[in-house]
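Computation of the quantities below employed the complete heavy-atom set of this structure, encompassing side-chain atoms and omitting hydrogens, waters and symmetry-equivalent molecules. None of these values were measured; they are calculated from a predicted model.
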Amino acid sequence: MKIKDKLFNYLQGKQPERSCRFPHMDKPLKVLLIYESDMLERNDGIKNIRQELLRRQMDVSMWGYVEKKEIQTLILPQSRILGSRDYNILGKPRDYVISDLQSEHYDLLIDLTLRPIRALRYLAMYADADFKVGLNLGEGIHDMLIAMPADVNEQGEPMPVEANALFEQIMKYLTTIKSND
């Protein structure tokens, strides 16, 4: 196990005990989307997901990550892309990133990460959200884990999961299950 993974696991164990509250999807919610940005930082699919949530009367913030030093996208209140400079040599987010992330409280965190990326795992761990949902990547950060059915191509090889398909699956579960609080 790498030292970066050991540090992550240690810091995850130091997190205070969480009590999650399932979101009432029929009410306006403050939502945080976490995703892996494309190299050009366009993220058209993620922007479409944001528009869908805005149509549902939700207040949406988006935090992405791309593995490069120079980020071209402006830091905006509702949208931010982080790069490798926003993390220290051990892979932990710099203090200003954690401070900015924790300055807002969210009702729901939707993690659209499709593969285990430590930088995004830290964001999911440190985010102040009542309920956290994401793909089952085996990390124990989320309150609800989604397992995606494996699509296969003509050769019988598994095809990668798409963020839009994961979002649709998450919304299906969140709107089907009713909160009892």
Side-chain angles (χ1 to χ4, degrees), residues 1-21 23 28-54 58-135 137-145 163 166-167 170:
M1 183 186 282
K2 294 180 181 178
I3 191 151
K4 291 179 180 181
D5 292 328
K6 286 185 180 187
L7 176 63
F8 177 84
N9 292 336
Y10 172 77
L11 293 172
Q12 184 180 6
K14 291 293 213 182
Q15 294 300 304
E17 190 69 31
R18 284 180 34 83
S19 61
C20 67
R21 274 197 350 248
L29 299 174
K30 188 164 187 168
V31 178
L32 174 62
L33 282 179
I34 294 178
Y35 64 97
E36 180 180 9
S37 175
D38 58 45
M39 288 304 273
L40 297 176
E41 302 172 28
R42 290 201 177 120
N43 305 306
D44 294 328
I46 302 298
K47 289 177 182 173
N48 291 338
I49 289 170
R50 181 176 189 271
Q51 289 303 319
E52 170 66 26
L53 291 171
L54 289 173
M58 295 184 188
D59 180 11
V60 184
S61 296
M62 306 183 320
W63 282 57
Y65 174 79
V66 65
E67 188 64 43
K68 64 181 189 179
K69 288 184 181 180
E70 295 297 324
I71 301 301
Q72 307 302 317
T73 306
L74 295 173
I75 295 174
L76 301 171
Q78 299 297 317
S79 179
R80 181 173 189 169
I81 297 178
L82 302 173
S84 56
R85 285 193 175 173
D86 295 306
Y87 293 80
N88 67 21
I89 195 161
L90 294 175
K92 182 178 181 281
R94 298 198 183 274
D95 290 341
Y96 67 88
V97 173
I98 295 172
S99 174
D100 290 352
L101 181 64
Q102 292 180 335
S103 68
E104 294 285 332
H105 174 78
Y106 300 95
D107 300 307
L108 175 63
L109 176 139
I110 298 176
D111 187 345
L112 297 176
T113 307
L114 303 173
R115 58 192 181 99
I117 300 171
R118 187 179 308 104
L120 292 169
R121 291 169 62 202
Y122 270 113
L123 293 182
M125 179 174 73
Y126 283 126
D128 179 16
D130 289 338
F131 195 79
K132 299 178 182 184
V133 61
L135 188 62
L137 298 173
E139 62 222 0
I141 296 171
H142 302 93
D143 302 311
M144 186 166 109
L145 299 173
L166 175 58
F167 173 74
I170 287 171

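Looking only at distances, a side-chain donor or acceptor of Lys68 sits under 3.5 Å from a matching main-chain atom of Met39. In this structure a side-chain-to-backbone donor-acceptor pair under 3.5 Å is missing from Ser99 to Tyr96. Judged purely by atom type and a 3.5 angstrom limit, Gln102 uses its side chain to pair as donor or acceptor with the backbone of Tyr126. At least one donor-acceptor pair under 3.5 Å links the side chain of Glu41 to the backbone N or O of Gln72.
Open room surrounds CZ on Arg42; 12 or fewer heavy atoms of other groups in view lie less than 6.0 Å from it. Heavy atoms from other residues, nucleotides or ligands lying under 6.0 Å from OH of Tyr10 number 12 at most.
Scanning all heavy atoms of the two residues, the minimum distance from Ser84 to Glu67 falls at CB-OE2, 4.0 Å. Nearest heavy atom pair, residue Ser61 against residue Pro77, reads OG-O, 4.1 Å. Residues Leu101 and Leu123 share a closest heavy-atom pair of CD2-O, 3.4 Å.
In this structure, CD1 in Ile81 is found 10.0 Å from CD1 in Ile46, a value given to the nearest 0.5 Å. In this structure, CD1 in Ile110 is found 7.0 Å from CE in Met58, a value given to the nearest 0.5 Å. Put simply, OH on Tyr106 and CG on Asp130 are 12.5 Å apart, with the number rounded to the nearest 0.5 Å. Atom CG of Leu114 and atom CG of Leu135 lie 6.5 Å apart (nearest 0.5 Å). The CD1 atom of Ile141 sits 9.0 Å away from atom CD1 of Ile34, with the distance rounded to the nearest 0.5 Å. Note that CZ of Arg21 and CZ of Phe131 are 11.5 Å apart. Values are rounded to the nearest 0.5 Å.
Ring-centre distance between Tyr65 and Tyr87: below the 6.0 Å cut-off.
Listed by chain and residue number, Arg18 satisfy the salt bridge (charged side-chain N to carboxylate O under 4.0 Å, His left out) test with Asp143 (two or more places apart in sequence, or in another chain). In terms of the salt bridge (charged side-chain N to carboxylate O under 4.0 Å, His left out) criterion, Asp86 has no residue partners (sequence neighbours excluded).
The shortest side-chain heavy-atom distance between Arg50 and Val31 does not fall under the 4.5 Å cut-off. Contact of the Val60 side chain with the Leu54 side chain is registered, since non-hydrogen atoms from C-beta on lie closer than 4.5 Å. For the pair Lys92/Lys4, no side-chain contact is recorded, criterion being any heavy-atom separation below 4.5 Å from C-beta on. At least one side-chain heavy atom of Gln78 sits under 4.5 Å from a side-chain heavy atom of Asp59. In this structure the side chain of Asn43 never reaches within 4.5 angstrom of the side chain of Met62, judged on heavy atoms. Two residues are said to be in side-chain contact when any heavy atoms from C-beta on lie closer than 4.5 Å; Leu82 and Ile71 fail this criterion. Taking the side chain as every heavy atom from C-beta outward, Val97 and Trp63 approach each other to under 4.5 Å. Using a 4.5 Å heavy-atom threshold, the side chains of Phe167 and Leu53 count as touching.
Test Leu108, Leu32, Leu109 against Lys132 for side chain to side chain contact (heavy atoms under 4.5 Å, CB included) and you get one pass: Leu109.
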(Q) Does Arg94 form a side chain to side chain contact (heavy atoms under 4.5 Å, CB included) with Asn88? I'd like the steps, not just the answer. (A) CA-CA 6 Å; Arg94 298 198 183 274; Asn88 67 21; 4.0 Å; yes
Q: Take His142 and Val133 through the test side chain to side chain contact (heavy atoms under 4.5 Å, CB included) and record every step on the way to the result.
A: CA-CA 5 Å; His142 302 93; Val133 61; 5.6 Å; no
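Residue pairs meeting the salt bridge (Lys or Arg N to Asp or Glu O under 4.0 Å) criterion with at least one member in residues 111-123, sequence neighbours excluded, are Asp5-Arg118, Glu36-Arg115, Arg121-Glu139.
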